[in-house]
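Counting begins at 1 with the first residue of the sequence.
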Amino acid sequence: MSADVINKAFLATEEDFLTLVKKQWLSKPHIASVGSCCLVGIICSGLLYIANAGDSRVVLGRLEKAFKEVEAVQLSSEHNASVESVREELRLLHPDDPQIVVLKHKVWRVKGIIQISRSIGDAYLKKAEFNKEPLLPKFRVPESFEKPILQAEPAILVQKLLPEDQFLIFASDGLWEHLSNQEAVNMVNTCPRNGIARKLVKAALHEAAKKREMRYSDLEKIDRGVRRHFHDDITVIVLFLDSHLISRSSWHGPLLSIQGGGGVSGSGNC
């Protein structure tokens, strides 16, 4: 396992998807506008590898023994045009394009279309051959381009896991729009493990409803296609760390050890 292996895996996934887009271009041109953020976490030989392309985020819950509290440590940064460093990176990569980032309706967007600067897919912003008919005009940029506007390469972090490291929260930006890193970590630390990811989603939805001055029960009734106007998509995975297993130099158990929570609700606020 290495950062180079992970990077190659991202690029291989990207290349396979773009090949699929090319094959289906005439029959299903809308597939050129399909894309996804990608957040990957791998634990191998006591090392944690985090790879991110897009605006999802992973947060570590680390026990601070001196204060007997679990602190939130953000391990990834978002590739979103709202971040000044991301806009600067885009301008450096596209020095001849003054419209590479545009402030539209008080929101910074790449080419005035999309907020993220890295993704898997979004072929219409990767290859000029997909920036034309029969793709719908709303997805096309007005001028042709030679180099990809968006990137698929992930930003990769590698660090040693410590005995104090308790758990990892992987989530799309829909969660982090409504919960701070520390709020999410506090909830995971104080609530029962079973169904904790579902509880984080529910907490974010409660906040989304509150911001719209509506009841959570009313938000639940809104059709999925319309819900996008009330909150972004929310995907959450919580991974609890076992320092005894992680510290072992060799592991003779099953290669894959993942248990999905059944969503059983805890009592009170948990």
Side-chain angles (χ1 to χ4, degrees), residues 34-43 48 50-62 69-80 82-83 107 114-116 118-121 154 165-242 256-270:
V34 174
S36 176
C37 300
C38 188
L39 178 61
V40 172
I42 299 170
I43 296 173
L48 172 65
I50 297 294
N52 183 47
D55 56 6
S56 294
R57 182 190 304 174
V58 59
V59 173
L60 169 70
R62 174 175 289 166
E69 294 178 350
V70 177
E71 178 188 11
V73 182
Q74 185 171 324
L75 300 182
S76 64
S77 56
E78 286 88 326
H79 303 121
N80 189 304
S82 63
V83 180
V107 177
I114 194 169
Q115 284 189 273
I116 57 171
R118 303 192 194 194
S119 70
I120 302 291
D165 296 340
Q166 306 292 300
F167 52 81
L168 295 161
I169 305 172
F170 296 82
S172 61
D173 62 324
L175 181 81
W176 308 115
E177 284 178 3
H178 303 294
L179 295 181
S180 69
N181 293 348
Q182 194 61 53
E183 285 173 335
V185 163
N186 290 346
M187 185 174 294
V188 174
N189 185 50
T190 57
C191 292
R193 290 188 178 189
N194 193 18
I196 187 60
R198 187 182 296 272
K199 293 181 182 72
L200 286 170
V201 172
K202 193 170 182 179
L205 292 176
H206 271 287
E207 288 299 315
K210 189 186 298 183
K211 289 175 183 176
R212 287 298 190 114
E213 297 182 341
M214 61 191 302
R215 292 178 299 182
Y216 173 77
S217 57
D218 292 332
L219 181 63
E220 280 189 308
K221 296 173 186 174
I222 297 174
D223 182 72
R224 284 187 179 186
V226 182
R227 285 271 282 273
R228 187 78 175 186
H229 299 290
F230 293 82
H231 65 83
D232 211 336
D233 60 285
I234 307 175
T235 302
V236 182
I237 295 173
V238 180
L239 179 69
F240 291 92
L241 304 171
D242 187 328
L256 185 65
S257 179
I258 297 176
Q259 179 181 352
V264 179
S265 297
S267 59
N269 293 326
C270 294

> Okay, side chain of Lys199, backbone of Arg193: is any donor-acceptor separation there less than 3.5 Å?
Replying inline: no
>> With rounding to the nearest 0.5 angstrom, report the CG to CD distance, Leu175 to Glu177.
In response: 9.5 Å
>> Applying side chain to side chain contact (heavy atoms under 4.5 Å, CB included), can you list everything that pairs with Ala51, at least two apart in sequence or on another chain?
In response: Ile6, Phe10, Val40, Pro154, Ile156
> Who passes side-chain hydrogen bond (donor to acceptor under 3.5 Å, both in side chains) against Ser36, sequence neighbours left out?
Replying inline: none
>> Once rounded to the nearest 0.5 Å, what's the spacing between atom CD1 of Ile169 and atom CD1 of Ile237?
In response: 12.0 Å
>> Before you tell me yes or no, could you show the steps for Ile43 and Leu239 under side chain to side chain contact (heavy atoms under 4.5 Å, CB included), namely the whole-Å CA-CA distance, both residues' side-chain angles and the distance that decides it to 0.1 Å?
In response: CA-CA 11 Å; Ile43 296 173; Leu239 179 69; 4.1 Å; yes
> Out of curiosity, His178 NE2 to Leu205 CG, how far, rounded to the nearest 0.5 Å?
Replying inline: 7.5 Å
> Arg57: what forms a side-chain hydrogen bond (donor to acceptor under 3.5 Å, both in side chains) with it, not counting sequence neighbours?
Replying inline: Glu78, Asn181
> What heavy-atom pair brings Ile120 and Cys38 nearest, and what distance separates the two atoms?
Replying inline: CG1-CB, 4.0 Å
> Can you name the nearest heavy-atom pair linking Val185 to Leu60, along with the distance?
Replying inline: CG2-O, 4.2 Å
> Taking Ser172 for the side chain and Thr235 for the main chain, is one N or O donor matched with an acceptor at less than 3.5 Å?
Replying inline: yes
> Quick one: side-chain hydrogen bond (donor to acceptor under 3.5 Å, both in side chains) partners of Ser119, sequence neighbours excluded?
Replying inline: Asp122
>> If I compare all heavy atoms of Ala203 with all of Leu179, which pair ends up nearest, and what's the gap?
In response: CB-CD1, 4.2 Å
> Among all residues two or more places apart in sequence or in another chain, which pass the side-chain hydrogen bond (donor to acceptor under 3.5 Å, both in side chains) test with Ser77?
Replying inline: none
>> Rounded at 0.5 Å granularity, tell me how far CZ in Arg118 sits from CG in Asn80.
In response: 12.5 Å
> Residues two or more places apart in sequence or in another chain: which of them pass side chain to side chain contact (heavy atoms under 4.5 Å, CB included) with Ser180?
Replying inline: Gln182, Glu183
> Looking only at heavy atoms, which two atoms of Ser56 and Cys37 are closest? And how far apart?
Replying inline: OG-CB, 4.2 Å
> What's the shortest heavy-atom distance between Ala72 and Val59, and which atoms?
Replying inline: CB-CG1, 3.9 Å
> Mind checking what makes side chain to side chain contact (heavy atoms under 4.5 Å, CB included) contact with Val58, not counting sequence neighbours?
Replying inline: Leu39, Ile50, Leu75, Ser76, Leu168, Phe170
> How many angstroms lie between CG in Leu241 and CZ in Arg62, if you round to the nearest 0.5 Å?
Replying inline: 10.5 Å
> Minimum heavy-atom separation for Ala171 to Trp176, with atom names?
Replying inline: O-NE1, 3.2 Å
> Any side-chain heavy atom of Phe167 sitting closer than 4.5 Å to one from Ile196?
Replying inline: no
